[in-house]
Amino acid sequence: MSSLPVVFKFRLYVADDALNSAQARSNLAALCKTYLPDRSEVELVDVFKEPKRALLDAIFMTPTLIRLAPLPVRRIVGSLSQTDLVLRALDLEGETDAAQRSVGAIHRV
């Protein structure tokens, strides 16, 4: 019996098309494609369009990425450009082995 793969759920808070927000969107997409192919869901929240939601979720800086699942919840602020640090902060280090096996090499985002 095979177990279902773990799906990683993320919420990325951005500030419209600000440079750091655009970089975070791009870096997260590349990270998910490389390390979590077909195993990630990303919800984008623009703090200018949904300011009350950002406040309710205690978002005071953008971009902010929240890993909602699997638990525990993890948060990271910034453009997500330092791949190794992002993987560690989100507790995704074990996923690099799977990425190496599937693509033959780790790609930097």
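Source: prediction; values computed, not measured.
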Original post:
Which residues pass the salt bridge (Lys or Arg N to Asp or Glu O under 4.0 Å) test with R67, sequence neighbours left out?
Top reply: none
**OP:** Begin from the C-alpha positions of F8 and L90 and carry the test side chain to side chain contact (heavy atoms under 4.5 Å, CB included) through to its verdict.
**Re:** CA-CA 10 Å; F8 288 78; L90 296 175; over 6 Å; no
Subject >> Of L12, L80, L65, V86, the residue whose pairing with N27 passes side-chain contact (heavy atoms from CB on, under 4.5 Å) >> reply: L80
**OP:** Have a look at D16 and tell me which of T62, D46, V47 forms a side-chain contact (heavy atoms from CB on, under 4.5 Å) with it.
**Re:** D46
Side chain [X], main chain [Y], donor-acceptor under 3.5 Å:
X	Y	result
N20	S79	no
D57	I59	no
S21	A15	yes

Of the non-hydrogen atoms in [X] and [Y], which two are nearest, and what is the gap between them?
X	Y	result
Y13	A54	CE2-CA, 4.1 Å
V7	E41	CG1-OE2, 3.8 Å
D17	R25	OD1-NH2, 3.2 Å
P5	R39	CB-CD, 3.8 Å

**OP:** Look up atom CZ in R75 and atom CE in M61, then write down how far apart they are to the nearest 0.5 Å.
**Re:** 12.5 Å
Original post:
What is the distance from atom CG of D38 to atom SG of C32, rounded to the nearest 0.5 Å?
Top reply: 11.0 Å
Original post:
Is any side-chain heavy atom of V73 closer than 4.5 Å to a side-chain heavy atom of I66?
Top reply: yes
Original post:
So L87 and L85, side chain to side chain contact (heavy atoms under 4.5 Å, CB included) or not? Walk me through it.
Top reply: CA-CA 5 Å; L87 291 173; L85 293 175; over 6 Å; no
Subject >> Within one Ile-Leu-Val-Met-Phe-Trp-Tyr cluster: I76 and L44, side-chain cutoff 4.5 Å >> reply: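 I76 and L44: one cluster.
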**OP:** Report yes or no: do L28 and V45 belong to one cluster of Ile/Leu/Val/Met/Phe/Trp/Tyr joined by side chain heavy-atom distances under 4.5 Å?
**Re:**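 Per the 4.5 Å side-chain linkage, L28 and V45 are not co-clustered.
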**OP:** Could you give me the CA-CA distance, side-chain angles and deciding distance for F10 and L36, then say whether side chain to side chain contact (heavy atoms under 4.5 Å, CB included) is met?
**Re:** CA-CA 12 Å; F10 300 102; L36 302 169; 3.8 Å; yes
Subject >> R11 and E50 ion-paired at < 4.0 Å >> reply: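 Answer for the salt bridge query: no.
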**OP:** List, by chain and then residue number, the residues other than F60 in its hydrophobic cluster (Ile/Leu/Val/Met/Phe/Trp/Tyr, side-chain heavy atoms under 4.5 Å); write none if there are no others.
**Re:**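 F60 clusters with L55.
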